[in-house]
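The block underneath contains the structure these notes are about, expressed in structure tokens.
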Amino acid sequence: MPDATKPPLVQVQGLKMYFPITAGVFRKHVGDVKAVDNVSFDIHEGETLGLVGESGCGKSTTGRAILRLYEPTAGSVKIDGIEIAKADERQLRRMRPTMQMVFQDPQASLNPRMTIAGIISEPLDEHTQLSKKEKLLRVYELMDQVGLNRTFANRYPHEFSGGQRQRIGIARALALNPKFIICDEPIAALDVSIQAQVVNLLEELQDRLGLTYLFISHDLSMVRHIADRVAVMYLGQIVELAPRDAVYAQPLHPYTQALLSAVPEPDPEAEVDRHRILLTGDVPSPANPPKGCNFCTRCPQVKPICHEIEPRFQEVEPGRYVSCHIYQDQNTTAGNTAAPQTELV
Amino acid sequence: MPNGAEPALRVDGLKTVFRTRGGAVHAVNSVSFDLYPGELLGVVGESGSGKSVTMMSLIGLLPQPPAEIRAGEVMFEGVNLRTCSPEHLRKVRGPGIGFIFQDPMTSLNPVFTVGYQLREPLIKHMGLNKKQAHARAKELLELVGIPDAERRLKDYPHQFSGGMRQRVMIAIALTCDPKVLIADEPTTALDVTIQAQILELVKDLRQKLGMAIVWITHDLGVIAGIADRIMVMYGGQIVEQGPVKEVFRAPAHPYTQALLRTVPSVRGDRAPKLSVIEGQPPILTAAPAACSFRDRCPKAFDLCHSQNPPRFEAGPGHDAACFWNSAADSPRAAPLILTEHDHA
């Protein structure tokens, strides 16, 4: 469980990641795709922050920008008190062992020409001075930790199933004893029965090694399971950030409400009289976000002010942050949480 | 809905094998089911459980070779589609049985406008002239909820978003008023809010058009919301089948039970630990001689290792291929009568 007295392990302030749009022969800069636009959050040590949103909302880009796999346009990222966003390459390289990533597609993120032992020991080759024998022992230890049979060490990725490949990816991420791991949709490519195995493994490892996770996913039910706090992203911005139980019991932002109500429930009795908040239309392009609130084009509770002024991301209850005009500049939200949920079909 | 009505589609003992360099893969092993008019049948299973291959086999959409349909009967309007002429099969695809594929981007032709792709089946199958086809195409786009249909007919697939493309796919499948519509994971590639839109659309269209629908998915939540009957597939076989409410309330097969337990929910109580199904799905290199779930099954006993279980009745219209009697919580005796599963 997170220790609130210590400073957060990860501090992200005003992170922006714009991808330039160029046109013509001279590649003139004509605009930006605002993939991540002013995102701020903290993650405490030992905590899991779930980052959810639909495809294209910028959740993976956020993860990659935090680890400097992209060069962020603006903002600050501090991990363990050290500034990452502006660190030069040598400093960054020294920081790499503390922060690791588990990628979405275990097929694409493992080199098909390397053996499992080779893949898992690559970070050790790069960052440690261990002898060959020590490395192999460490590889075996990691394979045990993620539940892979040691005898598989000399096999190649194609010989494994999706779930096992994801275990290999996790073992590689763990090789340098990181403090912070970004899991970018680690279970999206897996079957339901295998997803649960991988999620349980991640939880076990967290308990045992005191890891901190940023868990990026579009699967709201899995995030509910693994995360301590949840951040909901829409069109490059975080619209709601709150402790897990609060978000699922009483979502505040109209987008979170719609998102949760759209998740089908595996219970036919409950499905019959469920009220879905149906959003109309599609997500606007991040190259040309609407004026005012990003969600104003699809929001069922839209007000005139939403088309004009961008809402601020502010704390409405202790630990609960929302970016919405409904809750703007109010100290209590008791009256607002019962706001009518209009149904748009 | 099996109260005396003639099934719209009857599949009996379907077997499909893929011949690969690594040996044969027995993808579909004696699958039998009926589909009744106006019914929505949900098919669930993990990847590789044979759900798509079953549906593709029955309307001859698999390239042969490498696929080989070894046995079985597919009865549609009094004709066995497995033995009928290719011409007849071509006539059935579209007006008889429509198909919606999983990925709308790869199943729409990128170099033709959406209008062209909608008009083509109308002219070829329905005998409409160009003008009529255009009017009908516009109607169909409106039916699936695409605004500004007249103008959108001139657009190419890449100009549509994912959800809109899937609506176009549905519109194309509806062009010839199919009696049976097979939808292969139509919402898997979509976001939840767009999925909710498509699900509402299908519920609505079903009421308006009254066709029988087969909905393939791996998402039990989707099935719970729209299906009348559910069919659970594992290892190329139907392991459980029954009315949706019955199967969710009292799943009879240990696989269905485990599957329902592993799915976390966004509502209700949060389980502290996810329950898992240990192990991996089977590799289907041989026709099953024993239960294909035995190695992962908590209830497996000696009989499961020596015989492939036939489908036992578990309630009205509800059956499960399992030697364990979940209702009585006791093993069943070995069957005396041979069923299609036993001589597989």
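Since the model is a prediction, treat every value here as computed from it, not as a measurement. Sequence lines set the chain letters: A, B, ... in the order given, protein chains first and strands last, and positions in each chain run from 1.
Annotation for B:A224 and A:D267: closest pair CB-N, 3.5 Å, computed over non-hydrogen atoms. For the pair B:A196 and A:A262, the tightest heavy-atom approach, listed with the atom from each and the gap, is CB-CB, 3.9 Å. Taking every heavy atom of both residues into account, B:I277 and A:Q197 meet most closely at O-NE2, 2.6 Å. Looking at every heavy atom in both residues, A:A196 comes nearest to B:S275 through CB-O, 3.6 Å.
Using a 4.5 Å cut-off between heavy atoms, B:R296 touches chain A through its side chain atoms alone. Interface residue B:Q197: backbone and side-chain heavy atoms are both found under 4.5 Å from chain A. At a 4.5 Å heavy-atom cutoff, the contact between A:V263 and chain B is made by backbone and side-chain atoms alike. With a 4.5 Å cut-off on non-hydrogen atoms, B:I226 does not touch chain A at all. Heavy atoms closer than 4.5 Å to chain B are found nowhere in A:H218, neither backbone nor side chain.
Counting heavy-atom pairs closer than 4.5 Å to chain B, the top-ranked of the candidates A:Q195, A:E265, A:E203 is A:E265. Here B:S265 is the residue among B:S265, B:A258, B:G225, B:G48 with the most heavy-atom pairs under 4.5 Å with chain A. Each of B:V192, B:T262, B:L220, B:V222 has some count of heavy-atom pairs under 4.5 Å with chain A, and the biggest count is that of B:V192.
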